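What's counted below: heavy atoms across the whole structure, side chains too, no hydrogens, waters or symmetry copies. Predicted model, so just to flag it, every value in this text is computed and none were measured.
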Amino acid sequence: MNELLTTLFSGDYGLAPGTAETVLFVILLSFVIGQFIGWIYMVTHEALSYSRSFVSSLVILPVLVGLMMMLMSGSIIVAFGLLAVFAVVRFRNVLKDTRDTSFILWAIMEGLAVGTLRCSTALIGALGVGVVLLYLRLTGFGTRHRYDAVLGLQLAGDNPTLRLQLARIIDNHCARATLASQQRIGAGATALSYRVLLRDPTRGAELCRALENTAGISEVTLFLREDEAEL
């Protein structure tokens with residue numbers, strides 16, 4: 001036990017490779033670090049494309065890579081054999097988010113570190129990368145909050161007064177609004193679509209009611225950003 005603690009907190013290469021104790025240690029440490037990576041992913045995940053199987057793969061991947069590195073370190077023949085096997089393997093799912101790729105690389109890096117008995121490097125690396133990812137999540141780094149909703153409606157006729165009323169209502173409820181599309185749909189009606197930044201996202205229903213209560217405006221829809229599916 002003392003030897004294991006010394007390996008964790010004092011330096012690398014504290015265990016002899018190839019022994020049963022070392023293999024068990026690599027499996028346990030890789031599993032713990034994989035759990036840490038999985039929890040960080042769940043806490044920082046914001047997109048809609050969440051997958052439980054992907055989180056599970058983040059847990060098992062460091063264990064597999066760690067064992068692979070232990071096998072490769074013992075024999076060059078085994079190393080080339082494993083490389084040939086991994087060359088045949090293909091991922092069945094395409095990653096939709098570049099952030100998911102970062103987590104895959106993180107898990108592989110941790111497995112490599114533990115598998116080569118660089119245990120203190122693996123622990124420090126896991127904590128360091130975890131802190132960076134949490135910082136990016138908490139600060140919202142890289143976010144450009146220009147619009148938070150899409151407003152759709154139908155306008156009867158082409159009355160300048162009605163257009164002025166529409167502009168006044170939108171201005172009262174929105175900090176920013178941009179006309180995204182305009183289409184004639186027959187009988188003098190016009191379908192309009194706006195990208196808007198609401199002054200108060202919790203009061204979107206008031207905007208819809210104000211538009212619906214205006215004569216000449218119908219088919220009012222408001223899609224908030226969190227309601228939009230990821231393509």
Side-chain angles (χ1 to χ4, degrees), residues 1-47 49-87 89-93 95-143:
M1 178 61 69
N2 292 333
E3 185 180 357
L4 295 180
L5 293 177
T6 302
T7 301
L8 283 175
F9 301 109
S10 298
D12 297 329
Y13 302 106
L15 293 174
T19 65
E21 181 184 15
T22 302
V23 174
L24 181 60
F25 177 76
V26 167
I27 292 175
L28 292 177
L29 183 58
S30 299
F31 176 75
V32 171
I33 293 178
Q35 285 274 335
F36 179 73
I37 295 173
W39 280 107
I40 293 293
Y41 180 84
M42 289 189 290
V43 170
T44 60
H45 186 81
E46 292 182 324
S49 57
Y50 179 82
S51 171
R52 179 185 175 187
S53 62
F54 179 78
V55 179
S56 299
S57 69
L58 292 177
V59 177
I60 191 61
L61 192 57
V63 179
L64 296 176
V65 175
L67 292 175
M68 179 189 72
M69 292 305 299
M70 294 201 69
L71 290 173
M72 292 176 64
S73 63
S75 171
I76 190 172
I77 298 177
V78 174
F80 280 109
L82 286 173
L83 289 176
V85 171
F86 276 88
V89 175
R90 296 290 185 271
F91 284 104
R92 301 292 294 177
N93 296 328
L95 298 178
K96 296 182 179 181
D97 195 341
T98 54
R99 178 176 169 276
D100 292 350
T101 306
S102 301
F103 273 85
I104 287 289
L105 293 176
W106 183 19
I108 292 175
M109 182 272 295
E110 293 296 338
L112 290 172
V114 177
T116 54
L117 301 182
R118 294 179 170 88
C119 301
S120 60
T121 302
L123 289 174
I124 296 172
L127 293 175
V129 176
V131 169
V132 170
L133 290 170
L134 288 174
Y135 161 77
L136 296 176
R137 170 66 176 85
L138 295 175
T139 61
F141 182 81
T143 302

| field | Atom pair CG (L127) and CD1 (I33), whose distance is rounded to the nearest 0.5 Å | value | 8.5 Å

| request: Could you tell me which residues satisfy side chain to side chain contact (heavy atoms under 4.5 Å, CB included) with L134, sequence neighbours excluded, listed by chain and number? | output: I40, V43, T44

| remark: side chain to side chain contact (heavy atoms under 4.5 Å, CB included) filter on I27, not counting sequence neighbours, yields V23, V63, L67

| task | Not counting sequence neighbours, which residues clear side chain to side chain contact (heavy atoms under 4.5 Å, CB included) with V129? List them please. | result | W106, L133

| Taking every non-hydrogen atom, the tightest pair across L61 and A107 | CD2-CB, 3.8 Å

| said: Testing the basics here: between P62 and G34, what is the closest heavy-atom pair and its distance to 0.1 Å? | reply: CG-CA, 3.9 Å

